[in-house]
A.B. asks: 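Following this message is one structure expressed as structure tokens.
The sequence lines fix the lettering, A, B, ..., with proteins before strands; numbering per chain opens at 1.
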Number of protein chains: 2
Amino acid sequence: MQNYKILIRYDGTHYSGWQKQKNTLDTIQGRFERILSQLNGGDVEISGSGRTDAGVHAIGQVANFKLHKKLDKKYVFDYLNKYLPDDIAVTDIDYADDRFHARLNAKRKTYVYRMWIGEYSNVFEHRFLYTLRQLPDIEKMKTAANLLTGRHDFFGFSSVKKTKKSTVREIYKIVIKKNENEIKIIFEGNGFLYNMVRILAGTIYDCGIGKMTCDSIKTVFETGQREYAGETLPPCGLTLLKVEY
Amino acid sequence: MQNYKILIRYDGTHYSGWQKQKNTLDTIQGRFERILSQLNGGDVEISGSGRTDAGVHAIGQVANFKLHKKLDKKYVFDYLNKYLPDDIAVTDIDYADDRFHARLNAKRKTYVYRMWIGEYSNVFEHRFLYTLRQLPDIEKMKTAANLLTGRHDFFGFSSVKKTKKSTVREIYKIVIKKNENEIKIIFEGNGFLYNMVRILAGTIYDCGIGKMTCDSIKTVFETGQREYAGETLPPCGLTLLKVEY
């Protein structure tokens, strides 16, 4: 068996997310497994660094899978790109150590949440943006971002059900950039819980428009109660940028 | 009555083109007329500079319409953008002379046909590109483009049915640019017949891959027979860039 590591990008608009479901072709994982099983002549399982939600995009998703044989890398790369639809692409491939696992070994992930506020919508990129109706106060957003940075129990900032697994994560950095009509919030951390990035983005935005105060952030950390945090922003604004090992 | 001139952009992917059909909301014209009639309190007809086909995009489509009253320009602009879906936007507005008609007065139009050829697909822009399987010879494409430039009867390069109207048009310029994985063909002319740009792009591409020879171009002009011209390329690659008056 040979282990392969690939770099993937996708426009998630028309998919039910990464993780395989009943209708295989609705998910990114399902799309890959069908092509790889065909190449391998037998079932193949692919592991992504994380399960992006329905509608979320990726520029630098990482995944690994094992095939019976050590095939030429470029051959596997071309085979995948030949059969993948136009909204999914493999941008790099390498052989990986047998023990390499894209999800278990991930050390750091970077996501971007993109927002747009203009006199008119961004017609050609609206699939990758959340269109705002109200301009938030960037300084207030930065204050909220600072409070969220660091090592915390993020249970209240997630859609995770009660669990015995740790919900403590560390966010290394949250950067907010405004460039003309676009606002970007970039999150770097050692891992993110289910829906966590979208809820953090919603919390930062809600602080920016004065719909919630920064004190509520402390309350969420203290009580672990989801209802004190901001809204879950739509998936379209979210893109997985990078995974580090 | 006040005549208004607007500049429009749209991602045509999900529309049946510009021209109104039974299901109003499937077309760009239909979307505008519904909003404008609501604003005007009575039916409004909007005239576009041309009827882009289903799936064709626009950066600089021009249109005009008349309302009962002279309303504040910015108010009309904001009203339209508020009710338009995210894949259609008005980018400019102005009052126009009573006699101004976006289609009848158009003097020059510029279209771009975008093609992509790479190791993997352009995931985030594939909706605006035609993905090629074979790299064409750019010099051969330029030779074909030169033969198509000028004043000709383009009947054989269109999907027009036999008509008494003139099918003579003048193409001022066809520019071919290759930049890394993208090939652009830019067409400037005084007007284009039904499907003409997509057939010209197909003819230039077919000459580039050696599927047809430049001599066939002369045959189409001589005989007016569509079958000697190249294929009609898919609408997704086509964008209306500019209309001049």
A.B. asks: Please name all residues satisfying side-chain contact (heavy atoms from CB on, under 4.5 Å) with A145(B), sequence neighbours left out, ordered by chain then number.
C.D. replies: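 A145(B) satisfies side-chain contact (heavy atoms from CB on, under 4.5 Å) with I174(B), I176(B), I204(B) only.
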
A.B. asks: Taking donor and acceptor roles from the modelled atom types, list the N and O pairs under 3.5 Å across chain B and chain A.
C.D. replies:
{"residue": "D11(B)", "atom": "OD2", "partner": "R127(A)", "partner atom": "NH1", "Å": "2.9"}
{"residue": "H14(B)", "atom": "NE2", "partner": "R127(A)", "partner atom": "NH2", "Å": "3.1"}
{"residue": "K74(B)", "atom": "NZ", "partner": "E119(A)", "partner atom": "OE2", "Å": "2.6"}
{"residue": "D86(B)", "atom": "O", "partner": "S121(A)", "partner atom": "OG", "Å": "2.7"}
{"residue": "E119(B)", "atom": "OE2", "partner": "K74(A)", "partner atom": "NZ", "Å": "2.7"}
{"residue": "S121(B)", "atom": "OG", "partner": "D86(A)", "partner atom": "O", "Å": "2.7"}
{"residue": "R127(B)", "atom": "NH1", "partner": "D11(A)", "partner atom": "OD2", "Å": "2.8"}
{"residue": "R127(B)", "atom": "NH2", "partner": "H14(A)", "partner atom": "NE2", "Å": "3.1"}

A.B. asks: Please rank V90(B), L129(B), L80(B) by heavy-atom pairs under 4.5 Å with chain A and give me the top one.
C.D. replies: V90(B)

